[in-house]
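All values reported here derive from a predicted model rather than from experimental measurement. Heavy atoms only: backbone and side chains are in, while hydrogens, waters and symmetry mates are out.
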Amino acid sequence: MTVYGILFYLLAAAVVAATAVAITRRNLVHAVVYLIFSYFGTAMLFYLFGAPLLAALEVIIYAGAIMVLFLFVVMMIKVEAPEEYLFPVRQWIPAAFFGAVYLAAGCAMIFASPGNEAALRMLLATPREFGLYVFQNHWFSIEVISLLLLLALVGALRLGRGKHRTGDQV
Amino acid sequence: MIVPFSHVLLLAAVLFGLGIFCAVARRNLIMIVLGIEIMLNAASIAFVGAALRWGDLEGQVFVLFILAVAATEVSVGLAVIVYAFRRTGSFDPGAFNLLK
Amino acid sequence: MHLEPANFPYLSAILFSCVAGLLAIVFIPAENKILIKRVSASFSGMTLVLSLILFVAYDRGLGGLQFVENIPWIPSLGIHYFNAVDGFSLPNLLLTGIVFFTGVLTMWEMETRVKEYHALYFLLVTGVFGLFMSMDLFFIFVWYDVSLFPMYLLIAVWGTTRKEYGAMKLTLYLLAGSALILPAVVLLYVRSGLNTFGIVPLMQAGLFTPGEQKLAFLLLFLGFGILAGVWPFHTWSPVGHVAAPHGVSMVHAGVLMKIGAFGVLRVAIMLCPLGWIYWAKLMAVLAAIGIIYGAFVGLRQTDLKYVIGYSSVSHMGIVGLGLSTVTAEGLNGAVFQMFAHGIMTALLFSSVGYIYDRTHTKAIPELGGLSRIMPVASTYFIVAALAGIGVPGLANFWGELVVFIAAFKTYPPLGVIAVLALAVTALFMLRVVQKTFYGPRNEQFAQLPDVTFAQGVPRMILAAVLLVFGLCPALLFDVIQTASVPFMSGLPR
Amino acid sequence: MKWMIAAPEMYYFSAALWFLLLSFSGKPRAKRENMTALGLAAVGVLVCLASVWSDGYLFIKAFRADMFSQVFKVLLSLGLFLIVCICGNISEIGERRLHDFYFLLFTCTLALMLLVSADHLLSIYISLELSSYSLYVLVALRRDPRFGLEAGIKYFLIGTFASAVMLFGMALLYSAGHETYLTKMTRALAEIIDQPMVIIGLLFTLGGFFFKLAVFPFHFWAPDTYQGAANQVAAYIATVSKVAAIAVIVRVVAFTGQGSTYLVHALVMLSVVSMTVGNLAAIVQKDLKRLLAFSTVAHSGYVLIGILALSPAGYTGAVFYALALLLMKFTAFLVLVALADDGRNIQIEELAGLHRRSPILALALMVSLFSLAGIPPTIGFTGKFLIFIAAIEKGYLTLVIIAMINVVISLYYYLLVIKAAYLLEPITEPAPLRVSYPIRLLAGTSVAAIILAGFAPYWLIQVAQAAV
Amino acid sequence: MISFSAECATLTALLLTTFPPFLAFLVTMVLTRSRPILSAKLSIGAVSLSLACSIFLLVLRWGQPEPVQFSFRLLASSGVDVPFGFLVDPLSVLMLVIVAAISFLVQVYSLGYMAGDPGFSRYYSFMSLFAWAMLSMTVSLSILQLYIFWELVGLASYLLIGFWYEKFSASQAGKKAFVMTRTGDVAFFLGILTVLLNLGNLSIPEMNGPAAGGMPQSILTLSAILIFGGIIGKSAQFPLLTWLPDAMEGPTPVSALLHSATMVAAGVYLFARLFPFFSLSPTAMSFFLGIGTISMLLASTMAIVSRDIKRVWAYSTISQLGLMIMALGAGGYFAGVFHLTTHAGFKALLFLCSGVMIHQYQTNDIYELSRLGCSRMKVPILTITLAAAALSGLPPLSGFFSKEAVLGELAGLSNPVWLCAGLAGVFLTAYYSFRVIFILFSPPPDAKPVDIDAGSQHPDHGDTHHEAHYRFMAVPLIILAAVTVALGYVGEPLRAFLTGGGTLGGVHEEGFALSHLVALGLAAGGMILAWLEFGRPGAKQIGIVERIPPLNRLFAERWYIDHFYRKIVDVLVDRGIAYLCWKNDNKVIDGTIDGMGKGTVESGRLMASLQSGMIQYRMLAIFAVMVFLSLYFLFQQI
């Protein structure tokens, strides 16, 4: 067990813990903040796995952009937290049950497959080669994703902008 | 040498499960979206781990695109949710029962 | 099997005149009812003439398949547009022609949504003709369904009693039958390994293992048997008979049920002889039950059409019994009975149609004493009823006779049961005749007119056919034998 | 010029951009926009037809053009064209939104085309997302916000959920097999296909496509979305996106699933459940669109039968069935759109007296429904027939019998609709129905197409075989 | 050459005998419905032609006992070869003549009786059908062919009995007749099938020939008894005898035809036809003997108490038929046929006479008739007396000779029971027939005779043609009376002709004197008893039986046989089996089907309700299914 191993387990524990706490917060703001922690953890994991660029992007985009967007929305709509009935029984009991079964099955499955015991070696993908790789092999997907982002932009615009008027029309 | 690959998968699986749980068990649209984000995150962890296992970059590339898709999802999703909030005044997914 | 190519495509001509009539009707404006009726009468008459020509021109000495038309349709699947006529299908074609034509004439007075009615009617009969003349499994299935799905609207729109229930029940029931037929057909296609749906190539012996034959035969027998009104699956037919308008009842009881029996003969028996021999006892038992059971239930009915419906359950039981005796006589009798019963039941429905249109009731208790008021109409009915009883001199007698002889040879006990049913049939038929037509002149209907000559034409035709084939059955038996005897002789034992 | 093999994509890309630019310019006018879209879609069909024979790879093998994909592109473009044909008076999308509407429509078609010829897991995923997102927005665009919003939210949430599942599946596949190109997966997965993790990964991956095809359990969005979306959008989802979904599932299964009995088991279960659930639930529906949605679920079950045969015959059947679905569903929706002149949802009893108000529409409805029920001689029957042949060749007789029983069940509710159209008489005589001449023409043509393609399907089958 | 020409002539005559009535039937049925007189002419012409030809045949074939066959091919079905054609032998020729003659006379008679009836031409077309069926049945070559025409005879009698279908009782009687005979015919048909299977051939000569002897005894007995079932039905023998009295609902001429020569005679004819075949099985023969006896006695007892003149004769028919069957069963071929012949004569006469009276006074009740003074109708009353005498076997009338022959046969049997039964029958016959006669002759003192011409008329026609009608009816009476008187003396030549030199049915001369004297004595005794009770001046006209109410009721109710059948049909068939089948059809079979339908719809409702859940439930469902599948794979693995 190397120091990296210990690091991995610590981070994993942190991520899981942060996520678990996040999804049980009644207050959305708290939830989002805890989730940001979990994303930081994930970013470190990426770094540990030798993907520094992805780690950076994770922090910037996920923790930075996306979660902040969440926060922004939550703030913008001043939602009274207690309105939500946290974990209705009819939802979380079956969810928990299936989750448990799922985890059991997942473990069984992961450890059943022989290939998975392969120990991971330390590797490093420098941003340079990563970028090169992406733009050599996947610029088709990049084009598509750009179109997707554009479309998302348009969609968000339309859905956000027209709503009052459409709302009035009804 | 860090850890066996299976542990990484296990971590991903646990996160995935948590995400699903969040998406299924919380009566709140925003939390549903968050849960889905968590699921995506789990997937990306699995990808990075796998990339490390095979020692190539495909997995990492996936993660890059997952980030973009997540961003899209959040933008559209939140737009819709805000729209919905404006109409129904709550985040309760149970409020949508008109179609049946 | 001997194949005799056609010098002129009579069969396609029949189909064509059906389709042409259909299109013609579709393009006539709906207001012009009389023209529509004339058109449909003339086109159906054309089919009748053509089938008569076939019946005459069929070379009884030669036998085998004649007037063969064979065009590859979907080569990649081995589907051929393969039409031919043999001793089994020829009587049915003639039957269809007659019933089709007379059915059109019977519905002459109908005035509601004439255009749609005749269009659907033509579609229905196109399917029937196609099925009787096709020698390709794919087409047989296609025609089968083509002849089924107009029934729903025909019954539900123009029908009378509980029409929507009856229509729905009938359609679903029969399609459940086809749900069993299609897998069996495909199974045969796949297992043959010949990549063909043609019946002729598939008939070669030893193509299918006994196991396959048993399975396929069971599926096919149940599938087609539902349409033939085999005992436990018969309940759709009285309901449908009652609900349907008279012209449709004629085609339906007269021809559609024959499609079922014919399908059993053409597909199941011809392709899976081993399965036939294996399941024959089951068939026989069901048929015998149907015969006696239908007769008994008929005793209880108070609705004219219900009575006819159950009588046809009983009579189709006789057909089934004939098919189940693995003998040439059995087949002869069965096919003859198909023909005779078709004509007879068509005549019954046609007469009932006239009576119902005048009196607006089918309830036997409300009727009575009609014989004094409309003697001719009641004569037609009585003739048909007597034929149903199996009075010699009318066609049905011969079919029943031959079937009973064959059955008595193969399954003596069942034969006895079936013969006993004769008495019951006589009882309920005569009861109906007595309650409906005899008794004091019914003042309620006193002023109703009798059948005029023109109206009488279709019934006259049918009665004449009954009489002709009753007096010289050899006309038909000669034809049927050309198919049954070689088939039975070629049967693997 | 090797770029020409991507001609359809480029064409639709530019068309989409054109509408995008328009949307920044002046105010749209329904007639003009529709005409433009019609013209563009028509040309698109021609382009796709022209590039049917093109064959090859692009973008480092991430994009693959072969007979299969090109045939499907033709189908997609055809579908788009037909849909645009019935967008003449699309009153449920605000006139102000028309540019966006057509932009999304074309983008979605583009995405589906990319999906059809994507060969890399990543590109598949991305194109799938692209098409899904454009559909989310399209659904939410409905003017009546109660419907549009609810349908949009449900569609969006379940869609993203499914795509997350699919992504995880891809992750599993990748981590187990180290292959991301479909074409190479066959080899890569050959020996490990029976590992549970791989199959689960495969199944999760397929889940994303099942979502598009509305296979149980991923069908839950379909009824609400159909009901909530504007009629034309629902028509688009029911026809074009289904075609693409069939294509991609066939491709993925063909490349990865070979020789996996467990996968076949799973598919058998899913298909049986889908058709049963779809047909049963459809029986009690009142809203015509909702009923059609459930019948779509059932049809996805039938298609799966063809796919799980894992044989060229089965794929042929599936491809043919895609065409059949396109035609039949389109005809049904055509009637629906023509009836709902103000874009409302059509309840079944609203069909009363249709046979008088517009015989041609009634006929089209009847033919399309019988074709959906798979009654010969219609294209629906031929499709089922091919699929059943393939299934029985593999020995799935019971499965076929179950499917046929389902056909009987389905006929029940189709007959209820037909009964409404032909038997019932409206209580209060509705406003006289004005069916424009082109719509009549379209209805007549599609009826003829359904019946002809059912009665003489030879060359269509040839095409399908060539595609596989 | 000669033989050929003879054959040719025979064939022509046969065709001319059998087919004209059929043509007449078709023509009158289809074309001349609306022209009664023409129909009548056609039909009578046809039947007279048949009569002429049959007489010609008789002359032609006289003294040639060996049969001649002509066969044609009618039915072609592999395995079932049914020879169709004509079998001409003394029996059939004799029967031809009888049938043709009686039909002819009856049709002439009907000119008067049925005049003005609305269904006049229908009546005649049915009559022709009847004649055709009976004639063709007589000369059929194969038993199956015989069965076919046998059925047609049944059909014709159904139509004729129910001729006045406005009367419920009439249509009821017709139905009853048809169904009951049909029941017998089922047995008959089964018998035919048995023969076919075991003999492989149905031609009558074959069955009578040596080939039949090869069949095992049990099969032989079985088939004989089954075939006899048909005879029981047609000839109204013991179990199935109740339809015949009801058949009186038909017009009287029809009854005459039915009872004398056609319908019921067919049964006995069949017996005679297959006599050699039957006599191969002694068991069967004694069974027949028993049946005949029972029916004879039962019927006579019924006849004693009946007040309806036609019914009396009907019962007497049954008993006489029973007598014939006894004779045949006893092996007296000639005796049976001879009695059949003579009986045809006087029974027709009886009915026709009664018909005249009924037609005149519109009542069947004997007391009514005598009160209205029917005794003043000269011709009928005389001829009826004559006929009654013949019926009760008084010399020198034909009945005497035939009965003596029969009794002779019975006397020849080892077991004296049969003879005694026969003698009892003679006594009863004499008693009931003369009971009727005396009642008719001695009207009660309070009688107010109605003048013939002033007599109430047949409802449908006025007085004008009345005389003509009367003449039409009288002529046949006289002819038949002559026959009745004369027929007795042709017995010996007839025997020679029939038995072709005594091969069949040997006569037993010994015991002749005794039995005949006893018979005569009994007949006289019966007559005297009748005279004492009804005839002598001041007689109360109440028979012994009527003094014993229970017995009277028993007889009047026909030994409750009819009630028994009613019960069977009502309770067992209608409310029993039929009801069960019907309920089963509605409740069980249809119930299952509809239940399946309802179940489907219900489950559909369930499925749809799953749809209307919240978004998250759907995600949950997806998740659940995924988990389930993963578990499935896992367990597949392990």
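Only the side chain of D:F156 comes within contact range of chain B, judged by heavy atoms closer than 4.5 Å. For D:A176, the part lying under 4.5 angstrom from a heavy atom of chain B is the backbone only. Residue D:Y174 touches chain B through both its backbone and its side chain, counting heavy-atom pairs closer than 4.5 Å. Contact annotation for B:I66: only side-chain heavy atoms (C-beta onward) come within less than 4.5 Å of a heavy atom of chain D. Only the side chain of B:F16 comes within contact range of chain D, judged by heavy atoms closer than 4.5 Å. In this structure, chain B has a heavy atom under 4.5 Å from the side chain of D:I126, while its backbone stays farther away. For B:A12, the parts lying near chain D are the backbone and the side chain together; criterion is any non-hydrogen pair under 4.5 Å. Residue contact with chain D, scored on non-hydrogen atoms closer than 4.5 Å, is absent for B:I81. For D:E150, the parts sitting under 4.5 Å from any heavy atom of chain B are the backbone and the side chain alike. Of the atoms belonging to D:M170, heavy atoms from both backbone and side chain fall under 4.5 Å from chain B. Contacts between B:A70 and chain D at a heavy-atom distance below 4.5 Å are absent for every atom of the residue. Both the backbone and the side chain of D:L121 come within less than 4.5 Å of a heavy atom of chain B.
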### Evaluation steps, side chain to side chain contact (heavy atoms under 4.5 Å, CB included), between B:E73 and B:L40
CA-CA 11 Å; B:E73 177 193 337; B:L40 291 180; 3.3 Å; yes

### Message
Is there a ring-ring contact (aromatic ring centres under 6.0 Å, His included) between D:Y155 and D:Y226? Walk through the geometry before answering.
### Response
CA-CA 10 Å; D:Y155 193 22; D:Y226 279 45; 9.1 Å; no

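Your options are D:V165, D:T160, D:V137, and the one with the most heavy-atom pairs under 4.5 Å with chain B is D:T160. Each of B:A51, B:P93, B:A13, B:A42 has some count of heavy-atom pairs under 4.5 Å with chain D, and the biggest count is that of B:A51. Comparing D:L157, D:L149, D:L172 by how many heavy-atom pairs each has under 4.5 Å with chain B, the most go to D:L149. Interface remark: of the candidates B:V33, B:I32, B:D56, B:D56 forms the most heavy-atom pairs closer than 4.5 Å to chain D. In terms of non-hydrogen atom pairs under 4.5 Å with chain B, the most contact-rich of D:K286, D:M197, D:H120 is D:H120.
Judged by distance alone, the side chain of D:E350 and the main-chain N or O of D:Q347 form a donor-acceptor pair under 3.5 Å. Looking at D:N345, its side chain does come within 3.5 Å of a backbone N or O of D:Q227 through a donor-acceptor pair. Under the 3.5 Å distance criterion, the side-chain polar atoms of D:K289 are matched with a main-chain donor or acceptor of D:A229. Judged by distance alone, with hydrogens and angles left aside, the side-chain atoms of D:Y236 form no donor-acceptor pair with the main-chain N or O of D:L135 at under 3.5 Å. When atom types are taken as modelled, the side chain of D:Y125 and the backbone of D:L167 share no donor-acceptor pair closer than 3.5 angstrom.
The shortest side-chain heavy-atom distance between D:F161 and B:I20 falls under the 4.5 Å cut-off. Looking at D:E9 and D:S117, their side chains come closer than 4.5 Å, going by heavy atoms from C-beta outward. Residues D:V277 and D:H219 meet the side-chain proximity criterion, which asks for heavy atoms closer than 4.5 Å.
For the ring-ring contact (aromatic ring centres under 6.0 Å, His included) criterion with D:W221, the lone passing option out of D:F211, D:F210, D:F216 is D:F211.
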